[in-house]
Amino acid sequence: RANFSAFDRSELRRVARLAQAFDLPLTDADSALRLIVQTAQNADAWRAAMIERWVFETNIGRLQRADSILGAIQDRDPTSLATRELAVLSYLYGEGSRPRAEASMRFVRQGLTSASETDRWLATCTNAWWDGFHARSAAAHSVAGDLMTPVLKPDRRAREFGTDNEVCARTIRAIADGAAGAIDTTSSLRDLDAYLAGSGVSRMRSEAASLEAVRLFVARGDLTRATTAVRRRQHLQQEPFLLATQLLRRARLARQTGATEEAIAAYRHYLRLRRNAEPGPAADAARVATEELAALVRER
């Protein structure tokens with residue numbers, strides 16, 4: 001186990017992210033993240049450190065521990081809509097808790113009439129995303145238009161949590177068109193995909209939006225664009241949020257499209273993250289190893 005006592009917080013965060021992104025000891029990530037939490041000097045630093053910890057625990061399949069961490073964050077900052085948004089996105093695109101996501105949505109809807117402009121923006125975005133995902137998207141285009149107006153642009157504090165208004169608006173429009181079977185589904189989806197490819201945005205919301213683009217491309221049978229979208233993550237610059245989900249999607253898409261070596265590499269990376277997972281996720285990983293990866297290796 002490495003000694004990180006001389007590392008500053010940004011170096012410790014980099015260690016944790018590198019360990020998840022590459023074949024480096026996950027025990028180093030665990031040690032680095034513990035230090036980040038322990039050395040937090042104010043509430044904002046503690047919250048940011050705990051979110052990093054929550055992301056890590058989710059990626060390595062310790063989902064009950066991850067949910068406890070997110071609960072502690074929400075309990076300590078009970079008025080934060082941003083942490084409710086994370087619970088929702090983690091459930092929609094990863095392995096987050098459904099009860100926590102549904103409870104978070106009740107809180108989000110209260111924020112639609114908040115006196116805070118930033119909170120209204122967060123609530124509007126998250127509520128429309130949730131409704132669109134669940135095919136309740138009649139007003140999505142109107143909401144998307146509102147989110148693109150300067151009045152609702154979030155402040156610096158909100159942007160730290162990935163609440164980029166353009167990502168949200170484009171995602172909501174693509175989801176709504178996909179659910180409604182609209183003629184212009186392709187144009188709104190490609191608009192989202194092009195924005196994500198060219199924006200250089202490195203935030204949690206963008207990772208969720210990328211997985212939504214993958215989902216919509218797959219639903220349309222466009223595996224080529226789905227594969228391009230799922231490959232987009234750049235580990236050194238972007239959040240490890242939803243990394244395990246992205247790796248499994250990438251492995252399965254690569255297998256479907258005949259990219260055998262890419263599929264094997266993505267499967268192995270996913271399984272490395274899940275080496276010490278909790279029983280439920282560990283059983284899922286074992287099935288992936290024996291039913292998917294092993295068959296692919298035999299066919300190679």
Side-chain angles (χ1 to χ4, degrees), residues 43-44 47-48 50-51 54-55 67 69-94 96-180 188 192 195-196 199 201 203-213 239 241-242:
D44 286 345
R47 180 178 58 187
M50 289 288 278
I51 288 173
W54 166 69
V55 169
D67 190 57
I69 290 170
L70 188 56
I73 298 168
Q74 292 180 343
D75 289 345
R76 187 154 165 176
D77 190 5
T79 64
S80 171
L81 280 169
T83 57
R84 268 67 183 185
E85 175 191 48
L86 294 182
V88 169
L89 295 179
S90 178
Y91 167 67
L92 293 181
Y93 298 102
S97 160
R98 177 175 178 173
R100 186 168 299 282
E102 290 175 340
S104 293
M105 280 306 304
R106 290 192 289 273
F107 190 91
V108 163
R109 291 187 182 106
Q110 294 173 14
L112 293 170
T113 56
S114 170
S116 162
E117 184 176 281
T118 294
D119 282 352
R120 286 199 308 277
W121 187 92
L122 276 164
T124 299
C125 176
T126 307
N127 188 62
W129 195 317
W130 175 273
D131 283 350
F133 190 92
H134 292 93
R136 298 189 295 267
S137 53
H141 281 276
S142 174
V143 169
D146 291 343
L147 289 168
M148 295 291 281
T149 63
V151 175
L152 287 170
K153 284 189 176 180
D155 62 15
R156 180 192 60 79
R157 177 180 64 83
R159 285 197 300 271
E160 291 173 357
F161 290 91
T163 52
D164 181 276
N165 60 322
E166 293 189 64
V167 169
C168 186
R170 285 176 166 85
T171 304
I172 291 167
R173 189 174 287 128
I175 293 172
D177 286 346
S188 59
L192 168 64
Y195 180 78
L196 292 169
S199 68
V201 175
R203 297 170 186 153
M204 290 180 170
R205 178 174 291 284
S206 300
E207 302 300 354
S210 288
L211 287 172
E212 178 59 36
E239 297 277 356
F241 181 51
L242 299 171

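In this chain, residues are counted from 1 in sequence order.
Contact between Leu196 and Ser206 at its shortest, heavy atoms only, is CD2-O, 4.1 Å. Contact record, Ser114 with Asp119: OG-CB, 3.5 Å, taken as the closest heavy-atom pair. Of all heavy-atom pairs spanning Ala209 and Val167, the tightest one is CB-CG1, 3.6 Å. For the pair Leu70 and Ala87, the tightest heavy-atom approach, listed with the atom from each and the gap, is CD2-CB, 3.7 Å. Taking both residues in full, the closest heavy atoms of Ala82 and Leu122 are given as N-CD1, 4.1 Å, listed atom of the first, atom of the second, then distance. What you find for Ser97 and Asp67 is that their closest heavy atoms are CB-OD1, 3.5 Å.
Interatomic distance, Leu86 CG to Ser80 OG, rounded to the nearest 0.5 Å: 8.0 Å. Atom CH2 of residue Trp54 and atom OG1 of residue Thr83 lie 9.5 Å apart, to the nearest 0.5 angstrom. Residue Ser116 holds its OG atom at 12.0 Å from CH2 of Trp121, rounded to the nearest 0.5 Å.
The aromatic rings of Phe133 and Tyr93 sit perpendicular, their planes meeting at an angle over 60°, well past the 30° parallel limit.
With contacts defined as side-chain heavy-atom distances shorter than 4.5 Å, the pair Leu89/Glu207 does not qualify. Val88 has its side chain out of reach of Trp129: every pair of non-hydrogen atoms, C-beta onward, lies at least 4.5 Å apart. Inter-residue side-chain proximity for Glu212 and Leu92 is flagged as unmet; no heavy-atom pair is nearer than 4.5 Å. Contact of the Arg173 side chain with the Leu192 side chain is not registered, since no non-hydrogen atoms from C-beta on lie closer than 4.5 Å. Residues Gln74 and Arg84 form a side-chain contact, since some pair of their non-hydrogen atoms from C-beta on lies under 4.5 Å apart. At least one side-chain heavy atom of Glu102 sits less than 4.5 Å from a side-chain heavy atom of Trp130.
Remark: Arg106 pairs with no residue by the salt bridge (Lys or Arg N to Asp or Glu O under 4.0 Å) rule, at least two apart or across chains. The side-chain contact (heavy atoms from CB on, under 4.5 Å) test applied to Asn127 returns Met105, Val108, Arg109, Leu112, Asp131, not counting sequence neighbours. A search for ring-ring contact (aromatic ring centres under 6.0 Å, His included) contacts involving Tyr91 returns nothing, not counting sequence neighbours.
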Apply side-chain contact (heavy atoms from CB on, under 4.5 Å) to the pair Met204 and Val55, showing each step before the final yes or no. CA-CA 10 Å; Met204 290 180 170; Val55 169; 3.7 Å; yes
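Within the 3.5 Å criterion, the main-chain N or O of Arg100 finds a donor-acceptor partner in the side chain of Ser104.
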